[in-house]
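What follows is a single structure, written as structure tokens, with notes after it.
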Amino acid sequence: MPIPRPTVLGHSDPRVLEAHWIAFLAERRKASPLAPCWVVAPTSRLRRRLQQALAAHLGSCLGISFFNPDSLLDALAGAAGLRRHSRLRPLVRRILLRKVLAKSKTGRELLSFKDGAASMEPALDDLRESGESSFQAPDGCPPSERLLLETYAGLLKLQDKAGLEDDVGWSDRVAGALPQGSALPPVLFYGFGELVGRNWRLLQALIPATEVHAWVLLGGRPGDGNAIPGLAPTLLEGEEGRPESVTSSGARGLRAEMEEALNLALDWHRKGTALEEMAIVARSLRPLRHELGPLLSQMDLEEAVDSGMKTPLRLLPAAHTFLAHVEGGANPEDFLDRGVEDGMEESTLDGLREALASAREAREHADLSLSELLAEALEIHEIMPWAGKNGAGLPILDFQQARGIPRAQLILTGFHHDSIPRPYPASGFLSDSLRRSFSKNLSFPIPDSIQQRAAEHRMLEQVLRTPSRHLAVLRQHSASDGTSIAASPALLFCKNVLG
């Protein structure tokens with residue numbers, strides 16, 4: 001039996017997208033109630049939303065399995081009989097990167113700076129998403145870019161020699177093992193704002209292997225391009241969502257802005273809106289790392305939020321105590337066992353265990369003490385200390401975590417200069433001209449600044465379409481010291497989107 005052609009359906013309003021997806025599954029289940037089907041969502045929050053919506057409309061999810069991209073890979077690998085090689089941990093990768101850089105004069109010069117190796121990692125990540133193992137430096141290539149390309153090829157060779165596999169390598173290996181016309185269930189991608197890099201290549205490998213359908217969130221300006229290059233979406237019928245009312249206000253400094261957002265959410269909650277039906281959303285939660293914890297404690301809201309913010313372990317007092325324990329020569333497991341007995345947060349304990357495992361593995365590649373490596377692992381490893389259980393609590397999310405989930409009320413923060421859209425400063429390692437040069441010979445381009453801005457526009461519109469009743473837009477009109485801050489140019493884009 002031939003595999004049906006893939007379909008890509010799109011809309012900017014998640015309510016329209018969700019209604020069509022549910023109707024599609026309802027029709028399929030009439031014909032074959034227990035036929036298996038795989039649904040892939042980009043985040044755990046959206047996956048949970050889909051499970052709840054499907055159960056409410058169809059009464060059962062029997063036969064329907066839900067995945068995120070990582071768990072989908074595991075399921076596909078199981079079907080293909082693949083097992084993953086040893087996973088490359090971030091700390092080990094950093095150690096290997098330093099080894100490669102230390103082999104050249106320009107590399108050693110970079111290592112002389114604090115965080116020199118780390119400064120190259122974003123450019124290396126962009127190259128790695130291409131799936132290529134090496135790149136030829138063009139004539140006249142600046143020394144910094146030549147160093148990047150030599151380091152990239154050397155790092156991958158060192159990873160392979162050590163028997164380590166990074167996430168891109170694992171995804172591409174699974175994609176390459178999918179046979180055409182295999183017995184996989186239909187795969188439904190839902191709620192992705194875009195599919196890029198390894199995920200795009202996996203989609204291309206799935207199309208000849210099984211039935212594939214995608215429901216994508218649209219957004220952005222004309223000319224920003226498709227969310228899935230090569231697969232233009234068919235626009236679903238349905239009006240674009242607009243909130244019933246929109247308000248805007250300013251605050252003096254980051255903490256004051258977040259405090260205003262929390263007070264507004266609490267006011268809506270007192271008037272009857274469930275915490276889970278609203279959200280506080282920022283382009284990035286990184287600036288809040290030092291402010292959110294003390295503010296939640298001050299307002300007695302630590303147990304009432306569900307935040308996707310990631311915090312480096314090093315910022316937690318428990319991490320400092322753990323490091324001092326190891327530096328003193330004590331057994332790390334004793335500290336962790338005592339943490340269990342004392343009721344330490346499970347997320348913190350899991351993070352400390354992961355950091356310890358990373359440090360121990362890194363000792364195989366570096367002539368450093370366990371405590372030295374643990375200190376760096378605590379810098380690299382992050383946890384989500386304010387993640388609610390099963391989605392309970394007031395969501396505090398970034399754009400990627402928030403898009404695709406309908407809300408009654410939404411508070412958007414950060415509409416000031418250099419916050420929205422997020423700036424993409426040049427790293428000095430991978431210029432736009434080099435990205436475009438390499439992309440000519442690639443199936444999927446290495447994103448340049450124009451494509452990055454297009455992605456920003458798409459995400460912003462996708463978030464703007466989620467509230468049904470009220471949208472509040474906040475910004476900092478000045479820093480905490482009174483220094484004036486300009487408004488974001490994205491405010492005009494918001495007006496054009498919402499009318």
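Along the sequence shown, the residues carry numbers beginning at 1.
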Side-chain donor or acceptor of [X] paired with backbone N/O of [Y] under 3.5 Å:
X      : Y      : result
Glu165 : His85  : yes
Arg201 : Ser130 : yes
Arg403 : Leu464 : no
Arg108 : Ala102 : yes
Asp342 : Met344 : no
Asn263 : Glu259 : yes
Lys103 : Gly154 : no
Ser112 : Glu109 : yes

Do the side chains of [Y] and [X] get nearer than 4.5 Å, heavy atoms only?
X      : Y      : answer
Leu285 : Ile396 : yes
Pro395 : Arg407 : yes
Arg93  : Leu124 : yes
Val473 : Cys494 : no
Pro14  : Thr466 : yes
Leu110 : Ser119 : yes
Val187 : Phe67  : no
Arg360 : Leu356 : yes

What is the minimum heavy-atom distance between [X] and [Y], and which atoms define it?
X      : Y      : result
Thr151 : Leu147 : OG1-O, 2.6 Å
Pro332 : Leu370 : CG-CD2, 4.4 Å
Leu313 : Thr348 : CD2-O, 4.5 Å
Ser134 : Ala153 : CB-CB, 4.1 Å
Val174 : Leu82  : CA-CD1, 3.9 Å
Ile280 : Ala265 : CD1-CB, 4.5 Å

List the residues meeting side chain to side chain contact (heavy atoms under 4.5 Å, CB included) with [X], not counting sequence neighbours, and say none if there are none.
X      : answer
Glu376 : Leu91, Arg94, Arg98, Ile380
Pro421 : Glu456, Ser488, Pro489, Ala490
Phe66  : Trp21, Val39, Arg47, Leu50, Gln51, Leu54, Cys61, Ile64
His416 : Glu257, Ser419, Arg475, Gln476, Ile485

Kindly write out the residues that satisfy ring-ring contact (aromatic ring centres under 6.0 Å, His included) with [X], not counting sequence neighbours, or none if the list is empty.
X      : answer
Trp386 : none
Trp170 : none
Phe415 : none

Let me confirm one number: the [atom1]-[atom2] distance from [X] to [Y], rounded to the nearest 0.5 Å.
X      : Y      : atom1 : atom2 : value
Leu202 : Leu178 : CG    : CG    : 6.5 Å
Ser369 : Arg363 : OG    : CZ    : 7.0 Å
Thr273 : Leu266 : OG1   : CG    : 12.0 Å
Leu288 : Thr413 : CG    : OG1   : 6.5 Å
Phe429 : Leu127 : CZ    : CG    : 11.5 Å
Glu372 : Asp367 : CD    : CG    : 9.0 Å

Derivation and outcome, side-chain contact (heavy atoms from CB on, under 4.5 Å), residues Ile411 and Trp268: CA-CA 11 Å; Ile411 303 167; Trp268 287 342; 3.5 Å; yes
Mind running side-chain contact (heavy atoms from CB on, under 4.5 Å) on Phe438 and Asp126 for me, showing each step along the way? CA-CA 12 Å; Phe438 288 151; Asp126 284 348; over 6 Å; no
Using the side chain to side chain donor-acceptor pair (under 3.5 Å) criterion, which residues pair with Asp167? Sequence neighbours excluded.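 For Asp167, the residues satisfying side chain to side chain donor-acceptor pair (under 3.5 Å) (neighbours in sequence not counted) are Arg84.
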Test side-chain contact (heavy atoms from CB on, under 4.5 Å) on Asp398 and Arg422; report intermediate values, then the result. CA-CA 12 Å; Asp398 64 24; Arg422 187 173 69 174; over 6 Å; no
Output every pair passing salt bridge (charged side-chain N to carboxylate O under 4.0 Å, His left out) with a member in residues 145-162, not counting sequence neighbours, ordered by first then second residue.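 Those involving residues 145-162 do not exist here.
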Applying salt bridge (charged side-chain N to carboxylate O under 4.0 Å, His left out) as the test, list every pair that has at least one member in residues 305-320; sequence neighbours left out.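 Applying salt bridge (charged side-chain N to carboxylate O under 4.0 Å, His left out) to every pair that reaches into residues 305-320, excluding sequence neighbours, yields Arg45-Asp306, Arg314-Glu379.
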Would you mind checking if [Y] and [X] are paired as a salt bridge, meaning a charged N to carboxylate O distance below 4.0 Å?
X      : Y      : answer
Arg87  : Glu354 : yes
Asp166 : Arg128 : yes
Asp448 : Arg436 : yes

Please evaluate residues Glu194 and Trp200 with respect to the criterion side-chain contact (heavy atoms from CB on, under 4.5 Å), reporting the C-alpha separation (whole Å), side-chain torsions for both, the decisive distance (0.1 Å), and the verdict. CA-CA 9 Å; Glu194 55 190 4; Trp200 182 83; over 6 Å; no
Does atom CG of Asp334 have more than 12 heavy-atom neighbours from other groups under 6.0 Å away?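 Atom CG in Asp334 is crowded, with more than 12 foreign heavy atoms closer than 6.0 Å.
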Is the number of heavy atoms from other residues, nucleotides or ligands under 6.0 Å of Glu333 CD greater than 12?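 It does: Glu333 CD has more than 12 such atoms within range.
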For residues 70-77, please give each side-chain donor-acceptor pair under 3.5 Å, one per line with the distance, not counting sequence neighbours.
unit_1: Ser71; atom_1: OG; unit_2: Asn68; atom_2: N; d: 2.9
unit_1: Ser71; atom_1: OG; unit_2: Asn68; atom_2: O; d: 3.2
unit_1: Ser71; atom_1: OG; unit_2: Asn68; atom_2: OD1; d: 3.0

Kindly state each residue pair satisfying ring-ring contact (aromatic ring centres under 6.0 Å, His included) with at least one member in residues 325-347, sequence neighbours excluded.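 Only Phe322-Phe335, His325-Phe335 qualify under ring-ring contact (aromatic ring centres under 6.0 Å, His included).
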Output, in order, the C-alpha distance, side-chain angles, deciding distance and verdict of salt bridge (charged side-chain N to carboxylate O under 4.0 Å, His left out) for Glu346 and Arg353. CA-CA 10 Å; Glu346 193 61 35; Arg353 292 188 186 104; 3.6 Å; yes
